[in-house]
Amino acid sequence: MTELETPFRYDAAFADGIERKWQAWWQESGSFIMRNPGDAGFDASKPKFYVLDMFPYPSGAGLHVGHPVGYIGTDIAARAKRMQGFNVLHPMGWDAFGLPAEQYAVQTGVHPRLTTSSAIETFRKQLKRFGFSYDWSREFATIDPEYVRFTQWIWLQCWNAWYDESARKARPISQLMQQFESGARRVELPNNISKLWSECDASEQRQAIDNMRLTYLGEQLVNWCPKLGTVLANEEVIDGKSERGGFPVMRQPLKQWMFRITKYAQRLLNDLQLVDWPESTRTQQAEWIGRSEGAEIYFAVHAGNDVAAIAPEKLGVFTTRPDTLFGATYMVVAPEHALVKFAVAHANPAAQKELSDYVAASRRRSDIDRQSQSKTKTGVFTGLFAVNPATGANIPIWTADYVLLNYGTGAIMAVPAHDPRDHEFAKAFNLPIRVVVLPPHDAGENKIASASHGGASETEATYVQDGIATASSNAEVSLDGLTTSAAKEKIIAWLDQRSIGKKRVNYRLRDWLFSRQRYWGEPFPVVFAPDGLPYAISESALPVRLPELEDFKPTESDTPRPLLGKAVAWINTTAGAAGVSAADLPPQTPVKREANTMPNWAGSCWYYLRFCDPKNTTRFVSTEAQKYWMGERGVDLYVGGSEHAVLHLLYARFWHKVLFDLGHVTTPEPFAKLFHQGMITSFAYQRADGSLAPADTVQEISDGVFTEKSTGQSVKQVIAKMSKSLKNVVNPDDVIANFGADTFRLYEMSMGPLEASKPWNTRDIAGSFRFLQRAWRLAVDERTGELLLAAKCDAALEKLLHRASKKVGEDIERLAFNTAIATLIEVVNAATRSTTLASTADGGLTRDQLIRFVKLLAPFAPHFAEEIWHKLGCAEALSTASWPTVDTTLLIDDEIELAVQLCGKVKTRLLVPSTADANAIEKMALADPKVIEMLAGKTPKKIIVVPGRLVNIVA
RNA sequence: GCGGGUGUGGCGGAAUUGGCAGACGCGCUGGAUUUAGGUUCCAGUGGGCUUAAACCCGUGCAGGUUCGAUUCCUGUCACCCGCACCA
């Protein structure tokens, strides 16, 4: 048949036509606009379902085929839930502050606002072509002034709050003031001084309050690249050089805004039990928070005989193994530790140089490098000694970069016999190793006769597990013979009694560094008075807007400075002009604005709340909208990449909990159910030497055999990330142009499980396209465009369709879209076969069957389904139709086929009535001729009957 | 280094709770339709040995538990993701 004869054939052009038609119709009729409670047309009788994508950062390159995977998944869920009678909130927006736009501005001078808004245009246009059922009326970008205003407002909530340890929640700072003023709480000042509020001067009072706020200024090390004039992420630093340009990078201290997220460590850990998240993600968060129980122990420090200086205060360490205190033969402090500065100041010239060289060198290494065991341990003796409080021994204090300043106290007691890192270090520097724990069985037999002191070669391996303490006693305390847990308790009690240590819970989680030295981020609503103290800008003066910059090029500098520092006129203002309350500072006071900006996380920490009520100009979200859409447990389905498993998801939970404590939101957790979609990878071709050949230089000469065109060398097909250099990037626009959006949606959902990473294979798209073409031919006459409907209902087909209804519904619920689509394909294939095999025109689907089939297909291929739906004479949108119900009586078979196994191997099959019980099945199996033959007269030892599945005869 | 994960035909994958390994798609083979190609339809397609049946082997590798293991356990190999200023 020629194309002229089949004007209604489902090809790419035809698909394009109907897709654009229905997209326009959905938009005009507002099909997916969701009203809020209180609005006209809102149906309060329906339950709510909030399904959310992790919103994208709109990059200049546009959408790639990896973006839509999650979006198609949430759209299927949203469309199915709508048909199942839910009010569905399904919004989309833009995470629009970010580094790429700023870096582009540095290179070209084009304002990030322009770059960003054109990227948003592109993304929006591309997303709309997929026919997603987003409520576009709720769209916003994190750079919108109204959104920035409330992002700053939330920061002010943290500024105006403190964490009440006894109530285990954040409370307004005004309540702290009341406690101070009433004398219920004393002011804790440095050096263990405590005073009444009334005894403090103004500056002490101010300090007392500032030290309690949820956001505070802290000094942190950053990777500063003087040449680029910018701070770099760890991943942008390679071997102490900047990734771009290869310029030296130094770790420099910088005063920056921090969040006291560590106060929430325990709650962030506990509340992981409240959410329906992938187990791996909850584990990753728990590991990140890293709770460990142990002890803090204080070691007296002295400077050695040849250093005539007064030793500094005691050196505190955190250890999870206080029971090994007797085995602590040396100490290690981080190179940035204050004790190292003291050591440098008091060392002789040669040692001084060695120490400062080491500190300088470690500044150039990243934390990951520093902890990496593959690289040999390095370190330098500080010239200082500590006294092991248990043994009384003088033990040397070293500095080494495998100890990190920001974990624990930045210092450790080294127990080389029982910690692999300490062991390796001790071997490298010939430090003593002292065994103080024995494996339980060895302790009993007393295999190790002497566990006393010795050189580094005493033991080859470290024993890290729990065991029995040995060689651990002094005049006051003995741990010998105790199990590790008993020994821990006993030594902590002893340390506590002597006031040289105490029980402590430590978290790996660190306070959250929230300042960036960038332009393209939210300004902080804070200024600095001439005395250097920060003052908040009042809520009524928000948003604080970014100043315009002519030139975005950073300035070369040896010390870190924010890019916004260039906006001199903006930075220097008065308290009144900036919007500081006159109660805090007189309006004419000259002040400097904060030149740091917030990180990208700020916008993504609360966008899910804004979607509930995006146009609100008086509040970040109305109480009513927040209550309705967040409900009891928050967002009902949140889909995004697993690369966000820790940071974004932890930060958003933290903000949410602060807002919860302060009464602004009503759920303890933001996201009830979380799902990670997998990455779309691509094929690449590996040469014999392991290098990768670009995809366009390779040909497939036979099944699975590939050669490089130019050389004829055989190459191996492997899976790799999509990258420009490998020429294996796929543009979704091209795919849609060739097959249509419905085919694209089906293809990406049928590639495999939503959570798995899967290689894109353009060749396979044909399968999804053919499925739609088949389905179309089944329902529509390609010559006339008329519906093809069976007059009679085929019983087998009806049963199949019924089972498919059940299966598709269940699969959508568990986001197993690949198997749902396979089921739909089976229906179409069976129905097609029925038409070609039928002698009369009776094959195919009846009107009623087609209606049900189209409803099942609607979430996956919405344009296709809508087209047939309207051909069936339905005037309302398919999204308003109800989901097919399942008649359970049609799911039961009269007879079931069971597998019959002999010793676990399938030998034959048996048809039994579905009502037969285990006894009856056993009898039938034993009466089966094949079974009799196989048993050959032997009596079965055991017969296992699994109803509905199999019979296993053990002979 | 620390933390999380994945390995099944030529390829993507299915097997939801320990119960018939390979659903569905791609590719390939044969047939029908067609002047031919394409399209469409029908059938076949894990490997070995076979005319066929039957049988044997088979879920990265080596063990273990079990009547029964892709699934649980131990060890091992390979690959992927995250690591706090990329988003």
Side-chain angles (χ1 to χ4, degrees), chain A residues 1 9 54 56-57 59 95 98-100 222-223 230-236 256 278-281 283-284 286-288 290 366-375 402 406 420-421 508-510 512-513 515-518 599-601 604 641-648 650-651 679 681 683 700 702-705 717-719 721 747 750-753 756-761 763-768 770-771 773-774 777 810-811 814 816 818-819 821-826 829 832-833 835-837 897-901 903-906 909 941-944 946 948-950 952-954:
Chain A
M1 238 182 274
R9 185 176 164 73
M54 287 187 188
Y57 173 78
S59 75
D95 188 15
L99 201 50
V222 295
N223 300 315
T230 181
V231 174
L232 299 173
N234 277 337
E235 69 156 23
E236 297 172 301
Q256 303 175 84
E279 195 53 47
S280 64
T281 306
T283 310
Q284 279 183 72
E287 292 289 342
W288 188 261
S366 73
D367 284 1
I368 294 171
D369 270 357
R370 287 170 56 169
Q371 288 170 90
S372 194
Q373 227 167 34
S374 54
K375 297 180 182 163
Y402 77 96
N406 39 31
R421 292 158 303 180
R508 206 176 67 98
L509 182 70
R510 316 198 290 251
W512 177 13
L513 171 56
S515 293
R516 299 292 183 272
Q517 295 69 47
R518 314 273 185 213
N600 196 261
W601 308 114
S604 60
S642 61
E643 66 273 22
H644 297 293
V646 175
L647 297 181
H648 159 62
L650 192 71
Y651 294 152
M679 231 190 353
T681 54
F683 290 119
E700 185 168 12
S702 65
D703 252 20
V705 180
Q717 191 179 58
V718 295
I719 287 166
K721 270 191 181 175
Y747 171 63
S750 60
M751 287 170 81
S757 92
K758 300 151 290 221
W760 180 273
N761 193 350
R763 193 172 71 179
D764 289 350
I765 300 169
S768 301
R770 279 179 211 153
F771 161 61
Q773 291 180 315
R774 253 176 172 226
R777 269 196 305 276
E810 288 169 354
D811 281 355
R814 65 190 179 101
N818 53 332
T819 50
I821 291 169
T823 306
L824 292 170
I825 293 174
E826 282 182 273
N829 288 353
T832 300
R833 217 169 291 125
T835 61
T836 52
L837 296 181
E897 193 185 61
L898 299 184
V900 180
Q901 298 182 330
C903 296
K905 300 210 166 177
V906 179
R909 281 159 218 290
K941 285 184 199 141
K942 194 174 176 183
I943 299 174
I944 294 122
V946 184
R949 297 219 185 247
L950 54 69
N952 189 12
I953 300 167
V954 185

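Quick caveat: nothing in here was measured; it's all calculated off a predicted structure. Protein chains get the first letters and strands the later ones, always in sequence-line order, with residue 1 at the start of each.
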If only side-chain N and O atoms of [X] are considered, is one of them under 4.0 Å from the OP1 or OP2 phosphate oxygen of [N]?
X         : N      : answer
Arg774(A) : C41(B) : yes
Asn818(A) : G12(B) : no
Lys758(A) : U6(B)  : no
Asn761(A) : G27(B) : no
Arg770(A) : G27(B) : yes
Arg777(A) : C41(B) : yes
Arg763(A) : G27(B) : no

[atom1] gap between [N] and [M], integer Å:
N      : M      : atom1 : value
U8(B)  : A14(B) : C1'   : 10 Å
G37(B) : G22(B) : C1'   : 34 Å
U51(B) : G7(B)  : P     : 39 Å
U70(B) : G13(B) : C1'   : 13 Å
C61(B) : A78(B) : P     : 15 Å
C81(B) : U71(B) : C1'   : 24 Å
G38(B) : C55(B) : P     : 40 Å
G9(B)  : G46(B) : C1'   : 4 Å

Who is the Watson-Crick or G-U wobble partner of [N], with both distances under 3.5 Å?
N      : result
C41(B) : G31(B)
U59(B) : none
C2(B)  : G82(B)

For a quick check of understanding: with a heavy-atom distance under 4.0 Å over all strands, which category does [X] fall into, base, sugar-phosphate or nothing?
X         : value
Pro599(A) : nothing
Gln517(A) : base
Ile825(A) : sugar-phosphate
Ser604(A) : nothing
Gln256(A) : base
Pro56(A)  : nothing
Asn952(A) : base
His644(A) : base
Leu650(A) : nothing
Leu99(A)  : sugar-phosphate
Val222(A) : base
Lys941(A) : nothing
Val946(A) : base

Chi class for G30(B): syn within 90° of 0, otherwise anti: anti
Ser750(A) OG to Lys758(A) NZ distance, which is reported to the nearest 0.5 Å: 9.5 Å
Rounded distance (nearest 0.5 Å) linking atom CD1 of Ile825(A) with atom OG1 of Thr832(A): 11.5 Å
Can you measure [X] atom [atom1] to [N] atom [atom2] for me and round it to whole angstrom units?
X         : N      : atom1 : atom2 : value
Met679(A) : C79(B) : CE    : P     : 16 Å
Arg421(A) : C2(B)  : CZ    : C1'   : 9 Å
Leu232(A) : C85(B) : CG    : P     : 13 Å
Lys905(A) : G58(B) : NZ    : C1'   : 10 Å
Tyr651(A) : A87(B) : OH    : P     : 12 Å
Leu950(A) : G68(B) : CG    : P     : 13 Å
Asp811(A) : C24(B) : CG    : P     : 15 Å
Arg9(A)   : U39(B) : CZ    : P     : 10 Å

Hey, is the main chain of [Y] close enough, under 3.5 Å, to the side chain of [X] for a donor-acceptor pair?
X         : Y         : result
Asn952(A) : Ile944(A) : no
Arg518(A) : Val231(A) : yes
Tyr747(A) : Asn761(A) : yes

Give the nucleotide from the list [options] with an atom nearest to the side chain of [X].
X         : options                : result
Tyr57(A)  : A87(B), G5(B), C67(B)  : A87(B)
Pro753(A) : A14(B), A87(B), G19(B) : A14(B)
Asn829(A) : C57(B), A87(B), G25(B) : G25(B)
Asp764(A) : G12(B), C85(B), A14(B) : G12(B)
Val231(A) : A23(B), C85(B), G13(B) : C85(B)

Donor/acceptor link under 3.5 angstrom from [X] side chain onto base of [N]:
X         : N      : answer
Glu287(A) : C2(B)  : no
Arg518(A) : C85(B) : yes
Gln284(A) : C2(B)  : no

Along RNA chain B (nearest heavy atom to each residue), the more 5'-positioned of Ser757(A) and Thr823(A): Ser757(A)
First of Thr819(A) and Trp601(A) reached from the 5' end of RNA chain B, by closest nucleotide: Thr819(A)
Trace of the side chain to side chain contact (heavy atoms under 4.5 Å, CB included) decision for Arg777(A) with Arg9(A): CA-CA 8 Å; Arg777(A) 269 196 305 276; Arg9(A) 185 176 164 73; 3.6 Å; yes
Geometric class of the Trp512(A)/Tyr651(A) ring pair [parallel <30°, tilted 30-60°, perpendicular >60°]: parallel
Within 6.0 Å of CZ in Arg814(A), more than 12 heavy atoms from elsewhere: yes
Check: Asp811(A)/Thr819(A) side-chain N/O donor and acceptor closer than 3.5 Å: yes
Verdict with supporting geometry, Leu824(A) and Phe771(A), side chain to side chain contact (heavy atoms under 4.5 Å, CB included): CA-CA 9 Å; Leu824(A) 292 170; Phe771(A) 161 61; 4.0 Å; yes
